[in-house]
Structures are given as C-alpha cells and as structure tokens.
Amino acid sequence: MSTAKQVITCKAAVCWGAGEPVKVEEIQVDPPKATEVRVKMLCSSVCHTDISSLKGFPHNQFPLALGHEGIGVVESIGDEVTNLKEGDFILPTYIGECGECENCVSGKTNLCLTHPVRLTGLMPDNTSRLSVKGQTLYHVLSCATWSEYVVVDINYLVKVDPTINLAYASFISCGFSTGYGASWKEADIQKGSTVAVFGLGAVGLGAISGAKMMGASEIIGVDKNVMKKEIGEAFGMTHFIHSNVPNKSASDLVNEFTGRGVDYCIECTGVAPLLTQSLEATKVGTGKAIAVGMGVELVVPFGLLGIQFGRTLKGSVLGGIKTKTDIATIVNKCQKEEFPLQELYTHEVPLVDIGKAFELLKEPNCVKVVIKM
C-alpha cells in the first residue's frame, strides 16, 4: 500500500533544547508539497556542524531534528516535480544552484541567491514538514538526515547513481567535499605551491586530497592528535606537525618548519584562535588562508597584523562547491575510488543508539561515525 499522500510516523534523533541530550523520538513527516520530495534515509553520518547545532548554532530553534549529511531514496514526490521519480537516490545539500542569479553566473562563488543557505530551521516557505508530540520540529539546515524519513525541497538535493557506496556518499554530501572544494575551488591552489591544513578530520582530509589533486608540492597536516599522521598520509599529506606543543602556536610551528610560511592554509577546525593563526602561517604579502571550520562563537578575536601584511583571508561555505556542477565530479571520483574514503569509516551506530555517536567522537582514532538506518 502506497504511503505517498499520507503522514508517516518514524524515528528521528531530536534535541529538545540547547545543551540537552539527543533522544530518539517518534515523529510525524508530512507528505511533500508541490516542489518537494519525501526521502527514506538509507545512511547518514556525523559532521562537526551537528555538534554545534546542539548548542544553538546556526539557529536557536527547538525541538530540533538533527543531521545534514546522508543519502536516501525518494519515497514520494510533489505534484510539480518532474526531474525525479520514486526510487531515485539523492544526496541532500544545504545550498542550491539556480544557474541564473548574479552569483551563479559570476563564476566566483557557490552561494546561490535564489536558493541560499537556510538558517531558519524551516523549508523555503517558512513552514516545517516535521512534528513531534504535536510541536513543530525544526531542522539544522535544509533537512534532517538523522531521521528515517525527511522532506527536501528539490532545489536542495542532487541525484546520484544508486550503486554508490552509501557511507561514502554520506561523507561527500558535506564534510569531505567541503575540504576538497576549499583547496580546489576557494584557494585554487597552484601547482608546486605549499599548503598547510589545520585539523585532520574528514574536512581536513578532503582539503589534503584537493591539494594533492591541484599539484601542491608540500602538504603539511597540523593536528593535536598524533594518530592522524597515518591517515593524513593515506590522503596525500607529505608532512605532519603535532600541534600539541606548550607555548607554541600552530602558526609558530608551521613557520619554523617551512622557514617563511606556506602559500595556502586551510583552517578546518572552527577553533577561534586558529583563524588568526591560519593566516599567520602563510607567507607575508602573498599568503592566502581559507576559513572552512565553523565554531559556535560568531564573534572571535582576530590579530590585525596577520592580514595587514598583505595576506588574504577568505571565508567558505561547502568549500565553494556548486551543488549541481561540482558534486557530480566528486561523486565520479568517489566511484572510481580516487579517494581512500574507507579510511574515514572508523565507527558506526544504529539510529536508535545515536547517543553513542557522541562518545565515539571522543576516541582518538575516530574520524567519521556512520549512522545506520
């Protein structure tokens, strides 16, 4: 019996307030409206942004259905959807690409003005398709992937080959692609240049892969966890700096190692002091730092001299990746096994044990936690 026009009751990971524990609740998922699809999630994973959302970032709307990385299959479609059908596999995204607005046609940014990053916890019409115990249920960005079913606007998803590895697809729906794009699209790393990457989680390892693809001669990974050295080398890192050194900043260590800094630094942690340090790790006059990591502090201290001496600091969302144009390229590389994505897959939990995921993230050998639906 078809569920296409019916409300579905299913399980989802829900946070009821900032700082409160995540609980698996029964929620209701409405049918999709005209330009939406309802998706049965097949696999999801944990991203740093999900941790930040528990503290009220990027919005302070609760109760909150969690998750934004994942892959799913279309369960039903809205009346005006013509480019997707039931059974299609999709990746949810949190940026659209209309191809027509000023930003899309500029070739300079992935931040579409027609389908922008949504920070309200609601659908584009400012309503929700999710509810829990009679209350409106918000989501972190464009949808909530730690739910058995979710509704997504068609402008915030990408169709993919159903033969793709589900966990790998989840990784490239946000984290890994964000880092890869930061090196490829935002920094536009030049062949033979030197690169430092701060933070060797999935985003940082993506940045290393992107730097390798762009032909960097030296790729320096910087992390306080020495266990990240081996995995960094698997993705193309040429040197490792253990940053847990008393009385020395990450920029001090990079400058000591290189003599005069690197050409590019990709900051993937979101740790407030590292914004200035990422810039100071680059060369005076020509260095470029890309701020990829996002913490919960929206106002952070910043060392003016770092930028005053001719360096450039650029912010980035999804690594500058355009969802329709560029994700297909990364998916293709994934399916050709050009990235050792199996190295990211360190832990997994079923959705009903989502609380364990947060404990696993504290393990020194943890890179990504896969959530099995």
Side-chain angles (χ1 to χ4, degrees), residues 2-4 8 10-13 29 31-33 35-47 50 65-97 115 123 129-130 139-178 180-181 202 206 318 321-339 341-342 344-345 348 350-351 368-373:
S2 174
T3 57
I8 290 178
C10 68
K11 290 182 173 64
V29 183
K33 291 190 177 181
T35 60
E36 301 168 354
V37 300
R38 188 162 58 188
V39 176
K40 179 181 181 180
M41 294 305 302
L42 300 174
C43 182
S44 187
S45 47
V46 182
C47 179
D50 300 314
L66 300 166
H68 65 283
E69 290 187 340
I71 181 171
V73 60
V74 175
E75 174 267 343
S76 57
I77 63 174
D79 294 338
E80 297 177 17
V81 175
T82 58
N83 59 340
L84 289 168
K85 63 183 185 302
E86 293 178 13
D88 283 344
F89 280 53
I90 64 95
L91 300 181
T93 67
Y94 56 88
I95 304 175
E97 182 186 351
H115 309 301
M123 302 294 284
R129 305 295 164 268
L130 311 177
H139 35 78
V140 178
L141 294 166
S142 65
C143 65
T145 60
W146 298 2
S147 174
E148 292 175 324
Y149 287 86
V150 68
V151 175
V152 190
D153 184 275
I154 58 170
N155 295 295
Y156 294 87
L157 52 78
V158 177
K159 182 180 175 181
V160 294
D161 189 323
T163 64
I164 194 169
N165 180 289
L166 298 182
Y168 301 172
S170 186
F171 302 157
I172 64 177
S173 68
C174 178
F176 182 83
S177 294
T178 295
Y180 190 83
L318 197 60
I321 293 292
K322 290 191 173 186
T323 50
K324 290 183 180 177
T325 309
D326 300 324
I327 285 183
T329 299
I330 297 174
V331 168
N332 183 256
K333 288 179 178 292
C334 171
Q335 293 196 276
K336 290 181 178 178
E337 299 182 351
E338 294 184 21
F339 312 125
L341 294 179
Q342 71 280 359
L344 301 182
Y345 195 154
E348 67 176 52
L351 177 62
K368 290 295 272 188
V369 180
V370 173
I371 301 169
K372 291 285 192 176
M373 296 294 167

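Note that the coordinates shown come from a computational prediction; the quantities given were computed from them, not determined experimentally. Side chains are part of it too, since the values below use all heavy atoms of this structure and drop only hydrogens, waters and symmetry mates.
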Go through it in stages, so that I can follow the logic: the residues are D153 and T35, the test is side chain to side chain contact (heavy atoms under 4.5 Å, CB included), and I'd like the CA-CA distance, side-chain angles, deciding distance and then a yes or no. CA-CA 6 Å; D153 184 275; T35 60; 3.6 Å; yes
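- With contacts defined as side-chain heavy-atom distances shorter than 4.5 Å, the pair K85/V74 does not qualify.
- In this structure, D88 and I77 have side chains that are not in contact, with every pair of non-hydrogen atoms separated by 4.5 Å or more.
- For the pair E148 (side chain) and K11 (backbone), a donor-acceptor distance under 3.5 Å is present.
- Listed for the W146 side chain is a donor-acceptor partner under 3.5 Å among the backbone atoms of S45.
- No close placement of the F171 and F339 rings is indicated, their centers lying 6.0 Å or farther apart.
- D50 CG to C174 SG: the interatomic distance, rounded to the nearest 0.5 Å, is 8.0 Å.
- When side chains are defined from C-beta on, I154 does not count as touching E80, because their heavy atoms never get closer than 4.5 Å.
- Remark: H139 NE2 to H68 NE2 distance equals 13.5 Å, nearest 0.5 Å.
- A pairwise comparison of heavy atoms in A65 and L130 identifies CB-CD1, 4.0 Å as the closest pair.
- Within 6.0 Å of the CD atom in E337, the count of heavy atoms belonging to other residues, nucleotides or ligands does not exceed 12.
- Nearest heavy atom pair, residue I321 against residue S177, reads CG1-O, 3.6 Å.
- Within the model, atoms NZ of K322 and CD1 of I95 stand 11.0 Å from one another, a figure rounded to the nearest 0.5 Å.
- Closest of all the heavy-atom pairs between L91 and G70 is CD2-O, 3.5 Å.
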- [ ] Evaluate side chain to side chain contact (heavy atoms under 4.5 Å, CB included) for L166 paired with S170, printing each intermediate quantity in order.
- [x] CA-CA 6 Å; L166 298 182; S170 186; over 6 Å; no
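- To the nearest 0.5 angstrom, I172 atom CD1 is 12.0 Å from K333 atom NZ.
- Remark: side-chain polar atoms of S173 are not paired, donor with acceptor, to backbone N or O of E69 under 3.5 angstrom.
- Nearest approach of V152 to C143, heavy atoms of both residues: CG2-CB, 4.0 Å.
- Residues I327 and T329 are not in side-chain contact: their nearest non-hydrogen atoms beyond the backbone lie 4.5 Å or more apart.
- Considering every non-hydrogen atom in both G67 and V140, the closest pair reads N-CG2, 4.2 Å.
- No side-chain donor-acceptor contact under 3.5 Å links R129 to the backbone of E36.
- Y156 pairs by the ring pair (Phe, Tyr, Trp, His ring centres under 6.0 Å) definition with nothing, not counting sequence neighbours.
- The CD1 atom of I71 sits 8.0 Å away from the CD1 atom of I90 when rounded to the nearest 0.5 Å.
- Within the 4.5 Å cutoff, the side chain of H115 has no heavy atoms near those of the T323 side chain.
- Inter-residue side-chain proximity for C43 and V370 is flagged as met; some heavy-atom pair is nearer than 4.5 Å.
- The side-chain heavy atoms of D161 and V331, taken from C-beta on, include no pair separated by under 4.5 Å.
- One distance of note links CZ of F176 with CD1 of I330; it measures 7.5 Å at 0.5 Å rounding.
- Inter-residue side-chain proximity for M373 and S147 is flagged as unmet; no heavy-atom pair is nearer than 4.5 Å.
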